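A quick write-up on the structure given underneath.
What you are looking at is a predicted structure, and each value in this text was computed from that prediction instead of being measured.
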Protein chains: 2
Amino acid sequence: MPDAPQELDCSIAATLEIIGDRWSLLILRDAFRGVHRFSAFQEDLGIAKNLLSDRLRRLVEHDVLERVRYQDRPVRYEYRLTAKGADLSPALISLMRWGDRWYAEGGPPTVLIHDHCGTPLIQEVSCPTCDEAVSPRHIRSRKPGVDV
Amino acid sequence: MPDAPQELDCSIAATLEIIGDRWSLLILRDAFRGVHRFSAFQEDLGIAKNLLSDRLRRLVEHDVLERVRYQDRPVRYEYRLTAKGADLSPALISLMRWGDRWYAEGGPPTVLIHDHCGTPLIQEVSCPTCDEAVSPRHIRSRKPGVDV
DNA sequence: CGACTCGGTTGCGCTTTGCAACTGAGTCGC
DNA sequence: GCGACTCAGTTGCAAAGCGCAACCGAGTCG
């Protein structure tokens, strides 16, 4: 895997250069769930320790996780989401929703709810002008500066 | 890579078993952009032909793409998104948005617009009860059947 | 008939992954 | 103060996956 996103004209490719391997997104999913320590990631995911070590280092280098000292004697560190890492939550939600829709039998394994009212949440693409949800068939893409 | 999503209590893991390798999401991104033929994928992505062949076969097996005959003499096939594949668009949009936010200098390389009015679109998590967008800090998750 | 196109497959070396064993700093029980 | 234990890793090695290049097969074009 390359070390950093190159000059790419595609943000999807740039993103995948950082979290587009078999483990990184699962590590981040665990971090969202409240898993923070090396041994906890390792036990929960069943990932090899050397790979976990490598992936955590990568994610810290790219400022997606931060390594935080949580104990002094002995010195021990844990891994917590940065703002940049937390900003991946829509991506994880999207992937979860797709799995829910196409693979979960008998309802999704996990439901996201609004902490204020307990309502199950929905994720959608919406148009601020028309003030409505937009289905994929009505989405076009455009390169800025290029008229279509 | 395993062949099919196992019985997992996590839809993210289930999803990643299908599209969680280095190339699949890039292939699908291209498919959304209108790339459909083997040689076009190969040229656009720079992927090795044997891997492209393997990934396309996998995606067809999992009903994310379908193999469509587009010519009879000689018989040739192309690859098009199924409904299931098209339903990955929110995930690709989320990943794109993250790359835009954290890696694009001078604005995102690509903007999504509403085909009716040309307005740039936004993706958000919203609460149908409160009728408002919900920020990640106000999202809780819950396992169905488990009271929290 | 030979060159070309498209959609692959095959073979081979190199990198990445996965497993297991080991390390090192420090704590706990006795 | 000695052995067992915890946590966070590192190291070594075999196996799997990846990337490149060469080749194949069906059909078209000149």
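Taking atom CZ of A:R55 as the reference point, atom P of C:dT17 lies 4 Å away to the nearest angstrom. Per the geometry, CZ belonging to A:R58 stands 19 Å off C1' belonging to D:dG9, to the nearest Å. The distance from atom CG of A:D21 to atom C1' of C:dT17 is 11 Å, rounded to the nearest whole Å. Between A:Q71 atom CD and C:dG24 atom P the separation is 20 Å, expressed in whole Å. One interatomic measurement links the two molecules: CG of A:L51 to C1' of D:dG17, which rounds to 13 Å at whole-angstrom precision. The nearest whole Å value for the distance from the CZ atom in A:R69 to the P atom in C:dG26 is 11 Å. In this structure, B:R22 places its CZ atom 8 Å from C1' of D:dC18, rounding to the nearest Å. The separation between B:I27 atom CD1 and D:dC18 atom P is 11 Å, rounded to whole Å.
Side-chain atoms of B:T119 never come within 3.5 Å of backbone atoms of A:T129 as a donor-acceptor pair (strictly under, hydrogens ignored).
A donor atom on one side chain and an acceptor atom on the other are not found under 3.5 Å apart for B:S53 and B:N50. Using modelled atom types and a 3.5 Å distance limit, the side chains of A:Q123 and A:S94 yield a donor-acceptor pair.
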Nucleotide N/O to protein N/O under 3.5 Å, stretch nucleotides 4-11 of chain C:
unit_1	atom_1	unit_2	atom_2	d
C:dT5	O2	B:R76	NH2	3.1
C:dC6	O4'	B:R76	NH1	3.1
C:dC6	O3'	B:Y70	OH	3.3
C:dC6	O2	B:R76	NH2	3.4
C:dG7	OP1	B:Y70	OH	2.6
C:dG7	OP1	B:Y77	O	3.4
C:dG7	OP2	B:S39	N	3.3
C:dG7	OP2	B:S39	OG	3.1
C:dG8	OP1	B:R67	NH2	3.2
C:dG8	OP2	B:Y79	OH	2.7
C:dG8	N7	B:K49	NZ	3.3
C:dG8	O6	B:K49	NZ	2.9
C:dT9	OP2	B:S53	OG	2.4
C:dG11	O6	B:N50	ND2	3.3

Taking N or O atoms only and anything under 3.5 Å, show me the protein contacts with nucleotides 3-5 of chain D, one pair per line.
none

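For B:R37 and B:Y70, the positive end sits near the middle of the six-membered ring, less than 6.0 Å away and at most 45° from its axis.
Side-chain contact between B:K84 and A:W98 is present, with at least one heavy-atom pair separated by less than 4.5 Å. Side-chain contact between A:D87 and B:R101: present, with at least one pair of heavy atoms (C-beta onward) separated by less than 4.5 Å.
Ion pairing of A:R76 with A:E78 is absent here, as no side-chain N (NZ or NE/NH1/NH2) approaches a carboxylate O to less than 4.0 Å. A salt bridge between B:R55 and B:D21 is present, with a side-chain N of the basic residue lying under 4.0 Å from a carboxylate O of the acidic one.
Dashed line: the shortest gap from a side-chain N or O of B:W23 to OP1 or OP2 of D:dG19 is under 4.0 Å.
Nearest-nucleotide positions on DNA chain C for A:I47 and A:D72 put A:I47 closer to the 5' end.
At most 12 non-hydrogen atoms from other residues, nucleotides or ligands lie less than 6.0 angstrom from CD of B:E43.
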